[in-house]
Engineer: 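Dropping a structure here in structure tokens format, bear with me for questions.
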Amino acid sequence: MDEVLKIVNDIKAGNIKPIYFLMGEEPYYIDKLSDYIEENILTEDEKSFNQTVLYGRDVSMEDIIGTAKRYPMMSERQVVIVKEAQDLTKTIDKLESYAENPMPSTVLVFNYKYKTLDKRKKVTKLLDKNGLVFESKKLYDNQIGQWISRVLQGKGYSIDPKANAMMVEFLGTDLSKIANELEKLQIILPKGSTILPQHIEENIGFSKDFNVFELRKAIGDRNQLKAYQIAQYFANNPKENPMVVTTSLVFSFFVNLLQYHGLKDRNPKNVAAVLKVNPYFVKDYDVALRNYPMKKVSQIVAALRDIDVKSKGVGANALPNSDLLKEMLVKVFN
């Protein structure tokens, strides 16, 4: 995120590179940087003749280089953006000659998503020397909560730890998806607000009381009544709570708990780092650690593997979700 801000600030200051090669597993920042360049390098009048958007699947590297070598019309620069540039992987080495001597009046942008160039290759070294190579790396699960807090802080908002954990739990690591949901909340809530669990429930659609997060907490607390109530809610709302997802998340909870049992350093920061979980969840693991001895956790993990197979329709003969949920809880609590 800091590197992205530096690139944007450099562009604002007029330090504009002739080539931006944006690559990596996380498309969110690739799109953000590309969109910023598309919207801000040229004025609206200049864009008509001097801004070109190409798609990797539709053009050759020769087409791109030919376009990049054109001179701008009534403008200091032209901008050429190549989207879905990963479709050009097989011919990317043909960019070497242009990268060695790029047109100073062209800003050439490559959106090379879900892949990276080999840093040892000549073309990569030339792009880095005469332009800018940016790698957008995928965040780990335990980094998403911090990312959400930083994004909201930058917009003048804060978020309750439980609400943050809910966002991570149900939206996963897709930054674009998370950003879209955060934007919805920012439209609804006044600046300076703290986003709470009820805001998530009312505006994004996750129940703050009946979700996998609360199910795992109830299981960890050995609160059988609450666990069975949530399981019944899931059985009545199978589309919003797929059995495969539920089993997977409960399974991951016990796998992490098994790992926690083996940790010598149980400092909360170390636990969150090793288990790759949001620090907010560490206290739930602390409670579960006392309630489930290591031997029992091993038995539960083995039982959940069997439930997972059945949830995918193997050997279950269309067993209802309600029965699978009950079987899962029986295996856990007995």
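As the structure is a computational prediction, the values presented were derived from the model and not from experiment.
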Engineer: Just distance, no hydrogens or angles: give the donor-acceptor pairs under 3.5 Å from side chains in residues 3-19, sequence neighbours left out.
Structural biologist:
from : atom 1 : to    : atom 2 : distance (Å)
Lys6 : NZ     : Asp10 : OD2    : 3.0
Asn9 : ND2    : Leu5  : O      : 3.2

Engineer: What are the two closest non-hydrogen atoms of Leu88 and Gly56, and how far apart are they?
Structural biologist: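 Scanning both residues, the minimum pair turns out to be CD2-O, 3.7 Å.
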
Engineer: Are Asp160 and Lys162 within salt-bridge range, i.e. N to O under 4.0 Å?
Structural biologist: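 No, no charged N to carboxylate O under 4.0 Å.
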
Engineer: Measuring only between side-chain heavy atoms, which start at C-beta, is Tyr28 closer than 4.5 Å to Asp174?
Structural biologist: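 Sidechains of Asp174 and Tyr28: no contact.
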
Engineer: Check whether Val80 and Leu132 end up in the same hydrophobic cluster, where Ile, Leu, Val, Met, Phe, Trp and Tyr are linked by side-chain heavy atoms less than 4.5 Å apart.
Structural biologist: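 Different clusters.
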
Engineer: Are the side chain of Glu202 and the backbone N or O of His199 linked by a donor-acceptor pair below 3.5 Å?
Structural biologist: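 Pair absent, no side-chain N/O of Glu202 close to backbone of His199.
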
Engineer: Would Met167 end up clustered with Leu196 when hydrophobic side chains under 4.5 Å apart are linked, directly or stepwise?
Structural biologist: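 They do not share one cluster, since no chain of ILVMFWY contacts under 4.5 Å joins Met167 to Leu196.
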
Engineer: Enumerate the residue pairs fulfilling ring-ring contact (aromatic ring centres under 6.0 Å, His included) with a member in residues 103-128, sequence neighbours excluded, ordered by first and then second residue.
Structural biologist: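 For residues 103-128, and leaving out neighbouring residues, the ring-ring contact (aromatic ring centres under 6.0 Å, His included) pairs sorted by first residue read Phe21-Phe110, Phe21-Tyr112.
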
Engineer: Please check: side-chain N/O of Ser193 versus main-chain N/O of Ile195, any donor-acceptor pairing under 3.5 Å?
Structural biologist: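 Such a contact is absent between Ser193 side chain and Ile195 backbone.
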
Engineer: How about Lys32: does its NZ atom have over 12 heavy atoms from other parts shown lying under 6.0 Å from it?
Structural biologist: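 12 or below, so no.
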
Engineer: Taking ring-ring contact (aromatic ring centres under 6.0 Å, His included) as the cut-off, I'd like each qualifying pair that reaches into residues 38-93, sequence neighbours left out, listed once.
Structural biologist: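 ring-ring contact (aromatic ring centres under 6.0 Å, His included) check on residues 38-93 returns no pairs.
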
Engineer: Within the side chain of Tyr157, is there an N or O that forms a donor-acceptor pair under 3.5 Å with the backbone of Gln186?
Structural biologist: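 At least one qualifying donor-acceptor pair exists.
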
Engineer: In this structure, which one of Phe213, Phe281, Tyr285 forms a ring pair (Phe, Tyr, Trp, His ring centres under 6.0 Å) with Phe253?
Structural biologist: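 The ring pair (Phe, Tyr, Trp, His ring centres under 6.0 Å) with Phe253 is passed solely by Tyr285 among Phe213, Phe281, Tyr285.
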
Engineer: Tell me, yes or no, whether the heavy-atom count around Lys177 atom NZ, taken from other residues, nucleotides or ligands under 6.0 Å, exceeds 12.
Structural biologist: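 No, not enclosed.
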
Engineer: Please give the remaining members of the hydrophobic cluster of Leu126, linking ILVMFWY side chains under 4.5 Å, ordered by chain and number.
Structural biologist: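 Same cluster as Leu126: nobody, lone residue.
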
Engineer: Please report the shortest heavy-atom distance between Asn50 and Leu42, naming the atom on each side.
Structural biologist: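 Heavy atoms only, the tightest pair is O-CD1, 3.5 Å.
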
Engineer: Following the transitive rule for hydrophobic clusters with a side-chain heavy-atom cut-off under 4.5 Å over Ile, Leu, Val, Met, Phe, Trp and Tyr, establish whether Tyr140 and Val271 coincide in one cluster.
Structural biologist: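 No; Val271 is not reachable from Tyr140 via cluster members.
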
Engineer: If the condition is salt bridge (Lys or Arg N to Asp or Glu O under 4.0 Å), which residues does Asp45 pass it with, not counting sequence neighbours?
Structural biologist: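 With neighbours one apart ignored, the set is empty.
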
Engineer: State which residues pass side chain to side chain contact (heavy atoms under 4.5 Å, CB included) with Phe234; sequence neighbours excluded, sorted by chain then number.
Structural biologist: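 Checked Phe234 against side chain to side chain contact (heavy atoms under 4.5 Å, CB included); matches are Val212, Leu215, Ile230, Asn241, Thr246, Leu325.
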
Engineer: Do Arg216 and Ser252 make a side-chain contact, defined as non-hydrogen atoms from C-beta onward lying under 4.5 Å apart?
Structural biologist: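 Answer yes - side chains close enough.
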
Engineer: If we only count heavy atoms from C-beta on, is the Met74 to Glu46 side-chain gap below 4.5 Å?
Structural biologist: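 The answer is no; the side chains never approach within 4.5 Å.
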
Engineer: Determine which pairs satisfy salt bridge (Lys or Arg N to Asp or Glu O under 4.0 Å) with at least one residue from residues 79-108, sequence neighbours left out, and list them in order.
Structural biologist: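 Output for this query lists Glu38-Lys83, Glu62-Lys94, Asp93-Lys121.
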
Engineer: Using side-chain hydrogen bond (donor to acceptor under 3.5 Å, both in side chains) as the criterion, list what pairs up with Asp209, not counting sequence neighbours.
Structural biologist: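 Asp209: no side-chain hydrogen bond (donor to acceptor under 3.5 Å, both in side chains) contacts found.
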
Engineer: Nearest 0.5 Å, please: how far is CG in Leu258 from OG in Ser298?
Structural biologist: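 Here the rounded value is 4.5 Å.
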
Engineer: So does Leu304 get a backbone contact from the side chain of Asp308, meaning a donor-acceptor N/O pair under 3.5 Å?
Structural biologist: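 No; zero donor-acceptor contacts below 3.5 Å.
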
Engineer: Using a 3.5 Å distance criterion without hydrogens, assess whether the side chain of Lys47 forms a donor-acceptor pair with backbone atoms of Glu39.
Structural biologist: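 Yes; judged by distance alone, with no hydrogens or angles, the pair exists.
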
Engineer: Quick one: does Thr89's side chain have a donor or acceptor within less than 3.5 Å of a partner on Gln86's backbone?
Structural biologist: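 Yes, because the side chain of Thr89 sits within donor-acceptor range (under 3.5 Å) of the backbone of Gln86.
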
Engineer: Shortest non-hydrogen contact from Val282 to Pro268?
Structural biologist: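 Distance-wise, the nearest heavy atoms are CG2-O, 3.9 Å.
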
Engineer: Under the salt bridge (Lys or Arg N to Asp or Glu O under 4.0 Å) rule, collect the residues that match up with Asp221, sequence neighbours excluded.
Structural biologist: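 With neighbours one apart ignored, the set is Lys217.
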
Engineer: Flag yes if more than 12 heavy atoms outside Lys283 fall under 6.0 Å of its NZ atom; otherwise flag no.
Structural biologist: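 Buried by this count: over 12 neighbours within 6.0 Å.
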
Engineer: More than 12 heavy atoms of other residues, nucleotides or ligands under 6.0 Å from CZ of Phe333: yes or no?
Structural biologist: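 Atom CZ in Phe333 is crowded, with more than 12 foreign heavy atoms closer than 6.0 Å.
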
Engineer: Going from CG on Leu108 to CD1 on Ile65, what distance comes out if it is rounded to the nearest 0.5 angstrom?
Structural biologist: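 If I round to the nearest 0.5 Å, the distance is 8.5 Å.
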
Engineer: List in chain and number order the residues that pass side chain to side chain contact (heavy atoms under 4.5 Å, CB included) with Gln232, two or more places apart in sequence or in another chain; answer none if no residue qualifies.
Structural biologist: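 Scan of Gln232 (side chain to side chain contact (heavy atoms under 4.5 Å, CB included), adjacent residues dropped) gives Ala235, Asn236.
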
Engineer: With clusters defined by side-chain heavy atoms of hydrophobic residues (ILVMFWY) lying less than 4.5 Å apart, directly or transitively, does Val297 cluster with Val287?
Structural biologist: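 Different clusters.
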
Engineer: List in chain and number order the residues that pass side-chain hydrogen bond (donor to acceptor under 3.5 Å, both in side chains) with Asp286, two or more places apart in sequence or in another chain; answer none if no residue qualifies.
Structural biologist: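 So Asp286 forms a side-chain hydrogen bond (donor to acceptor under 3.5 Å, both in side chains) with Tyr260.
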
Engineer: Minimum heavy-atom separation for Ala99 to Asn130, with atom names?
Structural biologist: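 Closest pair (atom of Ala99, atom of Asn130, distance): O-ND2, 2.8 Å.
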
Engineer: What's the spacing between Ile30 CD1 and Asp35 CG if we round to 0.5 Å?
Structural biologist: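 Output value for this atom pair is 11.5 Å.
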
Engineer: Tell me if a side-chain donor or acceptor on Arg266 pairs with a main-chain N or O of His261 at a distance below 3.5 Å.
Structural biologist: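 Present.
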
Engineer: Thinking salt bridges, do Lys113 and Glu26 make one under a 4.0 Å N-O criterion?
Structural biologist: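 Looking at Lys113 and Glu26, the cut-off is not met.
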
Engineer: Regarding Ser60 and Asp63, is there a side-chain donor-to-acceptor distance under 3.5 Å anywhere?
Structural biologist: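 There is such a pair (donor and acceptor under 3.5 Å, judged by atom type) between the side chains of Ser60 and Asp63.
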
Engineer: CD of Glu76: more than 12 outside heavy atoms within 6.0 angstrom?
Structural biologist: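 Not buried by this count: 12 neighbours or fewer within 6.0 Å.
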
Engineer: Hey, could you give me the NZ/CG distance between Lys331 and Asp306, rounded to the nearest 0.5 Å?
Structural biologist: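 Atom-to-atom, Lys331:NZ and Asp306:CG are 6.5 Å apart.
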
Engineer: Tell me whether Lys115 is salt-bridged to Glu135, with the criterion being a basic N under 4.0 Å from an acidic carboxylate O.
Structural biologist: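 So Lys115 does not pair with Glu135 through a salt bridge.
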
Engineer: Would you say the side chain of Leu54 lies within less than 4.5 Å of the side chain of Ile64, judging by non-hydrogen atoms?
Structural biologist: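 The answer is yes, as the side chains (C-beta and beyond) meet within the 4.5 Å cut-off.
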
Engineer: Side-chain contact test, heavy atoms from C-beta onward, threshold under 4.5 Å: evaluate it for Val79 versus Thr52 and give yes or no.
Structural biologist: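 Val79 vs Thr52: side chains apart.
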
Engineer: About how many Å separate CG of Asn111 and CG of Leu22, when rounded to the nearest 0.5 Å?
Structural biologist: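 The CG atom of Asn111 is 5.5 Å from CG of Leu22, to the nearest 0.5 Å.
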
Engineer: Side-chain heavy atoms under 4.5 angstrom apart, residues restricted to Ile, Leu, Val, Met, Phe, Trp, Tyr: same cluster for Val255 and Val244?
Structural biologist: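 Not linked; separate clusters.
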
Engineer: Heavy atoms only: give me the nearest Met23-Leu117 pair and the separation to one decimal.
Structural biologist: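 In this case the closest contact between Met23 and Leu117 is SD-N, 3.2 Å.
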
Engineer: Mind checking whether Phe254 and Tyr292 have ring centres under 6.0 Å apart?
Structural biologist: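 Yes, the ring of Phe254 comes within the 6.0 Å limit of the ring of Tyr292, centre to centre.
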
Engineer: Is the closest side-chain heavy-atom distance between Met243 and Thr247 below 4.5 Å?
Structural biologist: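 Side-chain contact under 4.5 Å: yes.
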
Engineer: Between Glu214 and Lys226, is there a salt bridge with N-O shorter than 4.0 Å?
Structural biologist: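 Here Lys226 pairs with Glu214 in a salt bridge, since their nearest N and O are under 4.0 Å apart.
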
Engineer: In the structure I gave you, are the side-chain heavy atoms of Val274 and Leu263 within less than 4.5 Å of one another anywhere?
Structural biologist: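 In contact.
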
Engineer: Do any side-chain atoms of residues 147-155 form donor-acceptor pairs under 3.5 angstrom with protein atoms, and if so which ones, sequence neighbours left out?
Structural biologist:
from   : atom 1 : to     : atom 2 : distance (Å)
Trp147 : NE1    : Tyr29  : OH     : 2.6
Ser149 : OG     : Gly145 : O      : 3.2
Ser149 : OG     : Asn164 : ND2    : 3.1
Arg150 : NH2    : Asp2   : OD1    : 2.9

Engineer: Could you pull out the closest heavy-atom pair between Leu257 and Ala288, with the gap in Å?
Structural biologist: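 Nearest heavy atoms, Leu257 then Ala288: CD2-CB, 3.8 Å.
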
Engineer: Taking the side chain as C-beta and beyond, is there a heavy-atom pair between Ser34 and Ile81 under 4.5 Å?
Structural biologist: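 Yes; the side chains approach each other to less than 4.5 Å.
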
